[in-house]
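Computed from heavy atoms alone, side chains included, the values below leave out hydrogens, waters and symmetry copies. Lettering follows sequence order; numbering is per chain, from 1.
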4 protein chains.
Amino acid sequence: MTDSKPMRADARRNRARILAAAEEVFAERGASASTEEVAARAGVAIGTVFRHFPTKRDLLAAIMKDLRRRLIEKAEALIAGGDPATAFFEYFTFLVGSSAGAGAVVSLLADEGTPIEPGEQIMALDHVFARLLDAAREAGTVRADVRLDEVMALLTAVTHGALAAGWPDDLRHRTVNLLLDAFRPR
Amino acid sequence: MTDSKPMRADARRNRARILAAAEEVFAERGASASTEEVAARAGVAIGTVFRHFPTKRDLLAAIMKDLRRRLIEKAEALIAGGDPATAFFEYFTFLVGSSAGAGAVVSLLADEGTPIEPGEQIMALDHVFARLLDAAREAGTVRADVRLDEVMALLTAVTHGALAAGWPDDLRHRTVNLLLDAFRPR
Amino acid sequence: MTDSKPMRADARRNRARILAAAEEVFAERGASASTEEVAARAGVAIGTVFRHFPTKRDLLAAIMKDLRRRLIEKAEALIAGGDPATAFFEYFTFLVGSSAGAGAVVSLLADEGTPIEPGEQIMALDHVFARLLDAAREAGTVRADVRLDEVMALLTAVTHGALAAGWPDDLRHRTVNLLLDAFRPR
Amino acid sequence: MTDSKPMRADARRNRARILAAAEEVFAERGASASTEEVAARAGVAIGTVFRHFPTKRDLLAAIMKDLRRRLIEKAEALIAGGDPATAFFEYFTFLVGSSAGAGAVVSLLADEGTPIEPGEQIMALDHVFARLLDAAREAGTVRADVRLDEVMALLTAVTHGALAAGWPDDLRHRTVNLLLDAFRPR
DNA sequence: TATGAATGAGCCTTCATTCAT
DNA sequence: CATGAATGAAGGCTCATTCAT
């Protein structure tokens, strides 16, 4: 979009490394982990991190963006190839279990006041989710009166909760299953 | 128990002020807000805060303790005077709506590694919650297979989520109602 | 001297207690120990310490003065009743061994820049020491060319060294004996 | 040994500056002088000091190490090229006069409880001193019964005393000469 | 007078960000 | 572009000193 120059090969490799390292570090230590540690884990110097992401906030935002992208891809795969009646539930479950990395990052939404994302990406995730939800509704496996924002709200809450509180797998499974029941018609 | 001396009037007033200021500040800015700001909001010098709470962690712990106490009192009132069939639902709803201050603080449980509370207080909250849950189960308004830890997990998640994401009242209501349905027998 | 009022009995008792506590505390923890701890050890409130000694420095000075007084008394006893030929050596040895409390305090002379004493007291100690030294010189047990300032310098150095470095008794004995030999005529 | 990278030129320059400034500052103000002042004197920002010496204690330790190194070098030069009969006396005199910077720092060994040095360095200094002492003993200029620990004890005491009390040159000379006589056979 | 709470300057340390190499 | 040293604003905490009780 705004890519004036194509970016050198090693630069792109560094960018990817940093992103990966950052996701790990922030997931382990929370959003207050130091940028220095990210650099170390990525095997680059601190200056390099700031060249790619002028601000710590930018780095965090990039992680979120990256994560969203992967989640959207997964959703699209489910939309394309899954069973509409169950895809929604599968996806919800998958998200809570998988977002290890993201959850920690999300937490900074609470720590800092200002939102961190371009919005457009959120819309995209909302969009695929809406499609899964609609499909399930049509298939009759989700109540007609369940709205998207409620689903997203619960998703966010449980995702973060699972990570922040470190729910063991067993608890997470039971909790999510219980919650999903709320969506089912009675 | 350990109150050797009753504590001077002005000291008690300051302690209360600090606690109130801290609850506000941490709710607004998250647990990483500075102690200095708490002092400013309370209208005292920084030293005074540290005289009452030798450590930032102590201050956070005190807030939690204070909050728990209030929550437990509310629960006991409901146990004593409410309708067993609905008290559980009322309480859950109340908690999510009321814990403005606490949620933010709870988040530090994730930020820092070390637990922040005496434990006994947590037990106390769990305990009253268990009683409300049991009563509801007996009254047949809650499914027999719902376990306490699942309830607490969801409560924590939704409470924090509501605060961190700043759900508007309307969304919060719908979300909580939806969630509570998950507890009901079908 | 400047005592306008005779000072109430309990006040004098407090003053003494504080002095004693301070000597202990500073000897154990060094001059950087907190005034609060002195108060605690003395069993009084911090305000009381500052009422008697408006400044930490004043407190330190008072300890020194007190110590000097005791040392001078000891010297006078030796001058009055001891053997002139050996009194000097006895006294020197006694000082190094006894000044446990003072040494730590002396160290603050190095820590802070400004001298701590009225001077007149130092003179007094110098004075009795001069008398012991003269007596020994006349008795022929000390070299004629040994001057008072050298003796005082070595005394201070060794006293402080013994304390600061925590010389065991054995080492201190040998060291002092060796040093005293330097004063003897050959 | 652990020098993986040679260290940038400006970094080395700063490190040296900081070390020099610290030696001055601590010598003047004692070990309790602020790191901020060291930074100011060195003409760098406070962060730079902490980058080179992560802890104030580390800075102090570095000064000591540096000083010891210089002292040991001097001793080795004397062992190699000096007159065994007098080298010991020369060195002792030199140490007392030169250690302006160190003495103050040494005092922190007393102030804080924990030792500050690798130990091996102390051994090294002891070692060269032992050789000088042995040589003098063999040359007959030092009494046979003088032990190394006594010598070191007196050295430390006098060195620190000279600095802390600010002995004028004249007094220092006379005192040291008097003391050295104690080592000579009679 | 004694008490002990309040004050606030100052200390050590961390870390996002900048900039010379 | 990458490197990593330098910067300097906070932040948590301590402690001598003041002052209301």
* So which one's nearest nucleotide on DNA chain F is more toward 5', B:Phe53 or A:Gly47? -> A:Gly47

* Asked: Under 4.0 Å between a Lys/Arg side-chain N and an Asp/Glu carboxylate O for C:Asp10 and C:Arg13?
  -> no

* Could you check which residues of residues 8-18 of chain B get a heavy atom under 4.0 Å from DNA chain E? Sort them by number, please. => B:Arg8, B:Asp10, B:Ala11, B:Asn14

* Asked: How far apart are the C-alpha atoms of B:Arg57 and B:Leu60, what are their side-chain angles, what is the distance that settles it, and do they pass the side chain to side chain contact (heavy atoms under 4.5 Å, CB included) test?
  -> CA-CA 5 Å; B:Arg57 165 160 292 264; B:Leu60 263 340; 5.6 Å; no

* Asked: Does B:Arg29 come within less than 4.0 Å of B:Glu23, counting only side-chain N to carboxylate O?
  -> no

Between the protein and nucleotides 10-12 of chain F, which nitrogen or oxygen pairs are less than 3.5 angstrom apart?
unit_1, atom_1, unit_2, atom_2, d
F:dG12, OP1, B:Lys56, NZ, 2.8
F:dG12, OP2, B:Thr35, N, 3.1
F:dG12, OP2, B:Thr35, OG1, 3.4

* OP1 or OP2 of E:dT1 sitting under 4.0 Å from any side-chain N/O of C:His52? -> no

* Hey, what do you get for OG1 (B:Thr48) to CG (B:Asn14), rounding to the nearest 0.5 Å? -> 6.0 Å

* Structure fact -> Closest to the 5' end of DNA chain F, once C:Pro54 and D:Gly43 are matched to their nearest nucleotides, is D:Gly43

* Report the distance from atom CG of C:Leu60 to atom C1' of F:dA16, rounded to the nearest whole Å. => 13 Å

* Please check the phosphate of F:dA5 (OP1 and OP2 only) for any side-chain N or O of D:Thr48 closer than 4.0 Å. => no

* Asked: Is there a side chain to side chain contact (heavy atoms under 4.5 Å, CB included) between C:Val38 and C:Ile46 once you walk through the steps?
  -> CA-CA 8 Å; C:Val38 171; C:Ile46 183 70; over 6 Å; no

* Within this structure, what is the CG-to-P distance between D:Leu59 and E:dC11, rounded to whole angstrom? -> 15 Å

* To do: Could you tell me the separation between the CD atom of A:Glu37 and the C1' atom of F:dG4, rounded to a whole number of Å?
  => 17 Å

* To do: Map every base of DNA chain E to its dot-bracket character, where paired means a Watson-Crick or G-U wobble contact with both distances under 3.5 Å and | marks a partner outside the strand.
  => .||||||||||||||||||||

